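Everything below concerns the one structure shown next.
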Amino acid sequence: MKKKLTIQQRLILPIILLGVVALISNALSVFGIQNVNSNAANIVDRYMVGLETLQNIRHTTTNIHKLALSHIVAADYSTMITVVAQIKEEEKVLEAYLEEYEDYVKEEEEEVYARLLENYESFRHALVYLVCASADSKTQEAYACANGDVASFGSAMAGDIDELYAAVSERTADARQRLSFVYIVSLIIAVASVASCLVLVLVTIRIIQKYVITPIKGTVDTLQESSKK
């Protein structure tokens, strides 16, 4: 009885270990998938969207500056009014982008973001002066403002955007490195789990061969010899 129980234990132990390894590997696989998805979603939903928003801020600022120049060269008041309306619409779009980007600002970037907002306010006030000078047929003053304050504050905004863009790009690179690390770890765990399961299967087959099939085969051979005798 004791020998039978020992054989049972030897047979059951690899099967139990196989189940445990399969359970642990599945749990680790689920964790790895969640980790990969989390890192990927963070890259797409936060960093990539943040970079796109900064590009939109840059592009809209350039459009406003071009519209201001169009106002100076406008030949009649009807065209000037249309250009002013377009500038106002672009300013609304720009302000929406600036407000949207606030959700992506880290603590260490708050100073740069605040400076960007201040430069935008100065940029907007300079535009008002430019439009007023242009509407009053003060073309030289309007051009001086366009090449002076408007261009200066626009360049300052571009510098702030570049600084924020560099910070987000660095965080994106770090997130991609973490994603690669998580992927490699998950791959190693999967390979180790497959190898462990394979070893346990081979051990189980060997135990069955040694303690079940071989004794049964020996008994059958003995019975056959006895039967012949």
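Quick caveat, the model's predicted, so the values are computed rather than measured.
To the nearest 0.5 Å, atoms CD1 (I161) and CG (L98) are separated by 7.5 Å. How far CD of E102 is from CG of L116: 11.5 Å, rounded to the nearest 0.5 Å. Annotation: the span from T62 atom OG1 to E90 atom CD amounts to 10.5 Å, rounded to 0.5 Å. Rounding to the nearest 0.5 angstrom, the gap separating the CE atom in M157 from the OG atom in S122 is 10.0 Å. The CG atom of N119 sits 7.0 Å away from atom CZ of F153, with the distance rounded to the nearest 0.5 Å. Expressed to the nearest 0.5 Å, how far CD1 of I87 lies from NE2 of H65 amounts to 10.0 Å.
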Could you walk me through whether Q55 and Y165 pass the side-chain contact (heavy atoms from CB on, under 4.5 Å) check?
CA-CA 9 Å; Q55 290 289 59; Y165 195 94; 4.0 Å; yes

Are Y120 and E95 close enough, and set up right, to give a side chain to side chain donor-acceptor pair (under 3.5 Å), and what steps lead you there?
CA-CA 9 Å; Y120 167 67; E95 289 168 5; 2.8 Å; yes

Side chain to side chain donor-acceptor pair (under 3.5 Å), that's the test. Do D76 and T79 meet it? Break it down for me.
CA-CA 6 Å; D76 54 78; T79 304; 2.9 Å; yes

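The aromatic rings of Y101 and Y113 sit tilted, their planes meeting at an angle between 30° and 60°.
Linking ILVMFWY residues whenever their side-chain heavy atoms come closer than 4.5 Å, directly or via other members, leaves V128 and L117 in distinct clusters. A continuous path of ILVMFWY side-chain contacts below 4.5 Å connects V73 to V150, so both sit in one hydrophobic cluster. Linking ILVMFWY side-chain heavy atoms closer than 4.5 Å, directly or via other members, places M48 and Y104 in a single hydrophobic cluster.
Side-chain contact between V168 and R171 is present, with heavy atoms from C-beta onward closer than 4.5 Å.
In this structure, D136 contributes its side chain and K138 its backbone to no donor-acceptor pair below 3.5 Å. Judged by distance alone, with hydrogens and angles left aside, the side-chain atoms of S134 form no donor-acceptor pair with the main-chain N or O of L130 at under 3.5 Å. Judged by distance alone, with hydrogens and angles left aside, the side-chain atoms of T60 form no donor-acceptor pair with the main-chain N or O of L94 at under 3.5 Å. D149 places no side-chain N or O within 3.5 Å of a backbone atom of C145 that could act as its donor or acceptor partner.
Applying the salt bridge (Lys or Arg N to Asp or Glu O under 4.0 Å) definition to pairs two or more places apart or across chains, those involving residues 50-75 are R58-D162.
When all heavy atoms of M80 and A135 are compared, the closest pair comes out as SD-CA, 4.1 Å. Residues V83 and L67 share a closest heavy-atom pair of CG1-O, 3.2 Å. Across all non-hydrogen atoms, the minimal contact from V112 to E163 is CG2-OE2, 3.3 Å.
Residues passing the side-chain hydrogen bond (donor to acceptor under 3.5 Å, both in side chains) test with R124 are E121, sequence neighbours excluded.
With a 6.0 Å radius and a threshold of 12 heavy atoms from other residues, nucleotides or ligands, E100 has its CD atom above the threshold. Taking a 6.0 Å sphere around CD of E108, one finds it holds more than 12 heavy atoms contributed by other residues, nucleotides or ligands.
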